[in-house]
Amino acid sequence: MSELEAKDKPSNFIRDAALEDLKSGRYKGIVTRFPPEPNGYLHIGHAKAICLDFGLALEFGGRCHLRFDDTNPAKETTEYVEAIKADVRWLGFDWGPHLYHASDYFDRLYEWAEALIKKGLAYVDDLTPDQVAEYRGTLTVPGRESPYRNRAVGENLDLFRRMRAGEFPDGSKTLRAKIDMAAGNLNLRDPVMYRIRKTAHHRTGDTWCIYPMYDWAHGQSDSIEGVTHSLCTLEYEDHRPLYDWYIQALGIYAPRQIEFARLNLSHTVMSKRKLLQLVEEGLVSGWDDPRMPTLAGLRRRGYTPGAIRDFCERIGIAKADNLVDIALLEHCLREDLNLRAERRMAVLRPLRLIIENYPEGHAEELDAVNNPEDPGAGTRKVPFARILYIEQDDFRDPPPPKYFRLSPGVEVRLRYAYIVKCTGVERDAAGQVTTVRCEYDPASRGGDARGRKVKGTIHWVSAADAVDAEVRLYDHLFTAPKPDETEDWKTLVNPRSLEVLRGAKLEPSLAGAKAGDRFQFERQGYFSVDSRDSAPGRLVFNRAVGLRDTWAKIEAKT
RNA sequence: UGGGGCGUGGCCAAGUGGCAAGGCGCGGGACUUUGGAUCCCGUAUUCGGAGGUUCGAAUCCUCCCGCCCCAACCA
């Protein structure tokens with residue numbers, strides 16, 4: 001059994017429980033399931049659950065099912081089903097042949113409902129929704145029994161069959177479990193098992209007009225599939241007694257439900273309702289807006305599945321409410337991309353640089369390293385000429401303290417090219433710098449300072465060879481770490497969460513970049529080709545995450 | 001005033017009677033043809049609080065305080 005423990009992944013109480021259950025023989029292997037309702041897109045919080053569910057199964061050589069919890073046809077669509085499948089696959093997990101739907105079990109669930117009726121454990125109730133609420137009592141006041149609670153088994157059976165046959169209008173009757181109207185746990189006050197909904201289901205069509213409630217469907221679905229550990233979030237802790245009650249009343253195989261705290265991420269919102277609101281009210285461009293915490297959004301932004309998995313591993317699994325700093329997510333992406341993304345030079349806000357002593361009409365190609373972290377990535381040629389573009393931020397007159405970049409009379413290295421010295425500036429009528437002039441040292445080709453101290457190295461692009469692109473810079477979607485906290489959370493949307501730069505100049509090797517390609521733009525950050533708006537000849541890049549910016553910190557302090 | 005949970009540094013989080021892991025962040029330094037990366041160093045005499053048990057407590061007991069979830073025919 002020690003073999004099971006010899007893993008280097010961080011432990012958590014769920015993994016420990018699984019280990020115990022194996023040791024004690026309660027279960028022979030590990031079977032988990034990820035059970036999304038297809039009524040929205042998956043987000044980073046779901047990724048935590050997916051990594052837990054699939055990760056646990058993988059670790060113990062078990063299996064993890066993908067099961068759609070599709071018991072509410074009014075809200076669920078195949079569009080969401082497909083999007084969810086794509087997201088789980090993209091994250092890197094495989095459910096193999098184990099794709100299921102709660103709706104696969106509608107027949108079985110129905111039979112089980114009749115079985116409960118026959119045992120006198122369920123009854124058809126005629127109370128209206130308002131009455132049901134009223135009879136339920138409150139948190140501190142016990143509920144009252146429905147006047148229909150003690151109907152005879154035969155009458156219940158007859159009524160239930162007629163409910164299924166469509167004889168009664170929507171909402172007019174329910175099937176309820178007969179448990180305890182005085183229970184402190186409201187879930188046990190005769191929970192509804194079935195409601196009448198004459199709505200077509202995306203998979204079963206018009207076959208049914210009664211649909212099972214979550215509690216009645218979930219545990220039994222787990223049981224049917226032989227799930228051992230049914231992992232869910234804390235708000236279902238109160239449902240566990242009901243989960244167990246149904247299983248026991250039916251006398252069927254019993255999985256074990258264990259709850260953990262859901263993920264809260266700073267500077268964003270995570271509830272499906274709020275995400276949907278952002279989309280519907282046009283505060284973002286859609287579910288896959290690169291600012292969204294959805295997997296579709298993160299993917300489009302340029303996040304890698306590996307970075308997200310790493311993040312999910314690092315945040316841990318526990319039961320305490322939490323608010324994880326989004327900086328950790330960003331860190332995980334940088335760490336992943338630092339090793340894998342090829343470097344390129346791109347000038348986001350161009351400023352013209354003229355090298356006065358560089359022969360007019362002359363041109364050459366210089367060698368640039370594709371990835372200093374990965375020698376195998378090789379090198380490439382970058383064209384150099386008399387007129388270049390440099391970043392507006394890389395020239396200051398006068399220079400602030402500790403500024404290492406270009407300013408009048410100062411030397412700086414053009415990455416992989418030459419050492420240049422600023423000799424002059426041209427300004428427009430408003431005093432804005434329009435062109436910077438400089439002289440280069442022909443002997444410093446490649447950037448060799450030959451013993452000189454050159455503190456600054458800046459990136460550049462040859463003006464004549466540059467490729468134009470649109471670059472979208474993203475920042476946190478919300479200005480507050482916990483926008484959820486306030487009623488008017490929508491006013492907290494960061495007005496600078498998206499900045500569009502239309503005049504960016506890229507080195508020519510970027511001309512053929514394909515949707516989804518990721519690069520590090522030297523000294524700036526990691527960027528990926530937008531999968532929706534980019535096209536050959538009209539490149540659009542998204543900034544996935546910026547590089548650590550030490551200068552920004554220094555400047556902010558002075 | 002009912003039921004279920006949770007409280008370890010700024011944020012996550014190990015630890016479950018033997019003397020506070022780790023990560024992010026933050027601060028400092030080294031190195032550097034990305035002010036990137038990397039590498040060092042620092043960052044809780046203390047575990048929500050107060051009592052108690054014990055040679056010894058974040059871990060056990062008692063009381064108190066705070067926070068979260070539950071009153072959809074949603075999941």
Side-chain angles (χ1 to χ4, degrees), chain A residues 10-12 35-37 39 69-72 74-76 125 127-129 132-134 136-143 170-176 182-189 191-197 210-211 213-215 217-218 232-241 259 261 263 266 272 313-332 334-335 338-339 343 345 369 372-373 402-405 413-417 419 444 446-449 454-459 481 520-525 546-555:
Chain A
S11 195
N12 60 65
E37 182 190 12
N39 70 341
D69 230 323
D70 54 354
T71 57
N72 185 1
K75 293 184 176 177
E76 300 152 4
D125 196 0
L127 254 29
T128 64
V132 168
E134 186 198 330
R136 184 160 32 232
T138 69
L139 293 179
T140 53
V141 178
D170 282 10
S172 60
K173 283 178 168 42
T174 56
L175 181 72
R176 296 230 255 164
N185 181 343
L186 297 263
N187 292 123
L188 298 177
R189 318 246 262 226
V192 171
M193 295 164 62
Y194 276 97
R195 70 297 209 176
I196 302 172
R197 284 281 175 281
I210 57 172
Y211 291 95
M213 298 292 290
Y214 164 84
D215 289 297
H218 202 92
C232 59
T233 45
L234 253 28
E235 61 274 24
Y236 291 99
E237 215 148 16
D238 281 344
H239 293 246
R240 183 162 19 110
E259 312 83 11
L263 167 68
S266 75
K272 275 189 192 173
E313 200 164 286
R314 292 194 197 209
I315 56 177
I317 301 292
K319 296 188 74 165
D321 289 335
N322 59 77
L323 179 67
V324 176
D325 195 332
I326 197 164
L328 177 59
L329 216 211
E330 296 169 342
H331 169 83
C332 291
R334 282 192 203 102
E335 194 171 84
N338 175 46
L339 265 24
R343 269 112 251 227
M345 291 200 282
V369 173
E373 304 295 327
K402 294 181 182 166
Y403 187 75
F404 301 156
R405 281 110 95 150
R413 173 188 293 107
L414 295 178
R415 178 83 155 153
Y416 297 127
I419 309 294
S444 64
D448 182 4
V454 177
K455 283 283 256 184
T457 298
I458 66 175
H459 59 276
Q520 181 197 99
F521 287 175
E522 294 225 16
R523 305 207 303 131
Q524 306 194 97
L547 249 25
R548 275 186 60 216
D549 191 350
T550 307
W551 165 243
K553 278 181 194 168
I554 294 169
E555 192 178 28

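These numbers were taken from a predicted model, which means no experiment stands behind them. Here is the naming used below: chain letters follow the sequence lines, and residue numbers restart at 1 for every chain.
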If the C1' atom of rA57(B) is compared with that of rU8(B), how far apart are they to the nearest Å?
14 Å
Over all strands shown, is L127(A) touching base, sugar-phosphate only, or nothing at heavy-atom distances under 4.0 angstrom?
base
Over all strands shown, is E522(A) touching base, sugar-phosphate only, or nothing at heavy-atom distances under 4.0 angstrom?
base
With a non-hydrogen cut-off below 4.0 angstrom, is D238(A) in contact with a base, only sugar-phosphate, or nothing?
base
Using a 4.0 Å heavy-atom cut-off, does R314(A) contact any base of the nucleic acid, only the sugar-phosphate backbone, or nothing at all?
sugar-phosphate
At under 4.0 Å between heavy atoms, what does P372(A) touch on the DNA or RNA strands: base, sugar-phosphate, or nothing?
base
Tell me if rA72(B) is syn or anti. Syn = glycosidic torsion within 90° of 0, anti otherwise.
syn
Any base atoms under 4.0 Å from I315(A), or only sugar-phosphate, or nothing? Heavy atoms, all strands.
sugar-phosphate
Tell me whether the OP1 or OP2 atom of rG36(B) has a side-chain N or O from T550(A) closer than 4.0 Å.
yes
Which is true for T128(A) with a 4.0 Å heavy-atom rule: it touches a base, it touches only sugar-phosphate, or it touches nothing?
base
Using a heavy-atom cut-off of 4.0 Å across all strands, would you classify H218(A) as base, sugar-phosphate, or nothing?
nothing
Donor-acceptor pair (no angle test) under 3.5 Å: N185(A) side chain, rG4(B) base:
no
N322(A) has an atom CG; how far is it from atom P of rC67(B), in whole Å?
18 Å
Taking atom types as they are modelled, is there a donor-acceptor pair under 3.5 Å from the base of rU34(B) to the side chain of Q524(A)?
no
Find out whether P191(A) and D215(A) are in side-chain contact, i.e. whether some heavy atom of one side chain is under 4.5 Å from a heavy atom of the other.
no
Select base, sugar-phosphate, or nothing to describe what E373(A) touches, counting heavy atoms under 4.0 Å on all strands.
base
Check this for me, if you would: do E259(A) and R240(A) make a salt bridge, where the nitrogen-to-carboxylate-oxygen distance has to be below 4.0 angstrom?
yes
Say whether, by atom type as modelled, one donor and one acceptor occur between the side chain of T174(A) and the main chain of Y194(A) under 3.5 angstrom.
no
For F521(A), report the nucleic acid contact type (base, sugar-phosphate, nothing); a contact means any heavy atom under 4.0 Å.
nothing
Given rU34(B), rG5(B), rA72(B), the nucleotide with the shortest approach to the side chain of M213(A):
rA72(B)
What is the pairing partner of rA50(B), taking Watson-Crick or G-U wobble pairs with both distances under 3.5 Å in any strand?
rU62(B)
Roughly how many Å is it from CZ in F404(A) to P in rU32(B), rounded to a whole number?
14 Å
Residues A217(A) and T71(A): closest non-hydrogen pair is CB-CG2, 3.7 Å
Hey, are E335(A) and R314(A) close enough for a salt bridge, meaning a charged N less than 4.0 Å from a carboxylate O?
yes
Where the side chain of E37(A) is defined as all heavy atoms beyond and including C-beta, which of rA71(B), rG36(B), rA75(B) is the nearest nucleotide?
rA75(B)
Quick note, L547(A) side chain, CB onward, closest among rC74(B), rU34(B), rA13(B) is rU34(B)
Applying the side-chain hydrogen bond (donor to acceptor under 3.5 Å, both in side chains) test to T457(A), which of R413(A), E522(A), R415(A), R523(A) qualifies?
R413(A)
Distance check, rounded to the nearest 0.5 Å: N338(A) atom CG versus Q520(A) atom CD?
7.0 Å
Using the P atom as the reference point in each nucleotide, state the distance between rC11(B) and rG5(B) in Å, no decimals.
25 Å
So, does R548(A) get its side chain near the phosphate of rC24(B), meaning an N or O under 4.0 Å from OP1 or OP2?
no
Under 4.0 Å, heavy atoms only, any strand: does R189(A) hit a base, just the sugar-phosphate, or nothing?
nothing
When both distances are under 3.5 Å in a Watson-Crick or G-U wobble arrangement, the nucleotide paired with rU45(B) is none
Between rU16(B) (P) and N12(A) (CG): distance, integer Å:
15 Å
Please confirm whether the shortest side-chain N or O distance from R240(A) to OP1 or OP2 of rG4(B) is below 4.0 Å.
no
Measure from CG on D549(A) to P on rG25(B) and round the result to the nearest Å.
14 Å
Looking for any heavy atom pair under 4.0 Å, which part of the strands does N39(A) touch: base, sugar-phosphate only, or nothing?
nothing
rC73(B), OP1 or OP2 - any side-chain N/O from R136(A) closer than 4.0 Å?
yes
Kindly say whether, by distance alone, the side chain of R405(A) makes a donor-acceptor pair under 3.5 Å with the base of rG35(B)?
yes
If rG2(B) has a Watson-Crick or G-U wobble mate with both distances under 3.5 Å, name it; if not, just say none.
rC70(B)
What do you reckon, do W551(A) and the base of rG35(B) stack, with centroid distance below 5.5 Å and planes below 30°?
yes
Distance check: side-chain N/O of T457(A) vs OP1/OP2 of rU32(B), anything under 4.0 Å?
no
Compare the minimum distances between each of rG2(B), rC73(B), rG25(B) and the side chain of R195(A), then state the nucleotide with the smallest one.
rC73(B)
Determine, for K402(A) against E555(A), whether the closest basic-nitrogen to carboxylate-oxygen distance falls under 4.0 angstrom.
no
Taking the P atom of each, how far is rG2(B) from rC61(B), in whole Å?
22 Å
Kindly point out which of rU34(B), rA75(B), rA71(B) is positioned nearest to the side chain of D69(A)?
rA75(B)
Atom-to-atom span, CG of L186(A) to P of rC70(B) - whole angstrom
11 Å
What is the distance, rounded to the nearest whole Å, between atom OH of Y236(A) and atom C1' of rA72(B)?
12 Å
Is there a donor N/O on one and an acceptor N/O on the other, under 3.5 Å, for the side chain of E235(A) and the base of rG5(B)?
no
When rounded to the nearest Å, what value does the distance between C1' atoms of rA14(B) and rG23(B) take?
11 Å
Assess the pair W551(A) and Y403(A): is the distance between their ring centroids shorter than 6.0 Å?
yes
Which nucleotide wins on minimum distance to the side chain of Y214(A), given the candidates rA75(B), rC24(B), rC12(B)?
rA75(B)
Short side-chain N/O contact to rC24(B) OP1/OP2 from H331(A), under 4.0 Å:
yes
In terms of side-chain heavy atoms of N72(A), which of rC24(B), rC73(B), rC74(B) is nearest?
rC74(B)
Is there a donor-acceptor pair closer than 3.5 Å between any side-chain N or O of N12(A) and the backbone N or O of G316(A)?
no
How close or far is atom P of rG36(B) from atom CZ of R413(A), stated in whole angstroms?
15 Å
Check every atom of rA75(B), rG35(B), rC6(B) against the side chain of T71(A) and return the nucleotide holding the closest atom.
rA75(B)
Contact class for I317(A) (heavy atom, under 4.0 Å): base, sugar-phosphate, or nothing?
sugar-phosphate
Indicate, with a heavy-atom threshold strictly under 4.0 Å, whether L139(A) touches base, sugar-phosphate, or nothing.
base
Write down the distance between NZ (K553(A)) and C1' (rG27(B)), rounded to a whole number of angstrom.
10 Å
Scan every strand shown for a Watson-Crick or G-U wobble partner of rC11(B), both distances under 3.5 Å, and answer none if you come up empty.
rG23(B)
Nearest to side-chain heavy atoms of E76(A), which nucleotide of rG2(B), rC74(B), rA75(B)
rA75(B)
From the list rC6(B), rC73(B), rA13(B), which nucleotide is the closest neighbour of the side chain of V192(A)?
rC73(B)
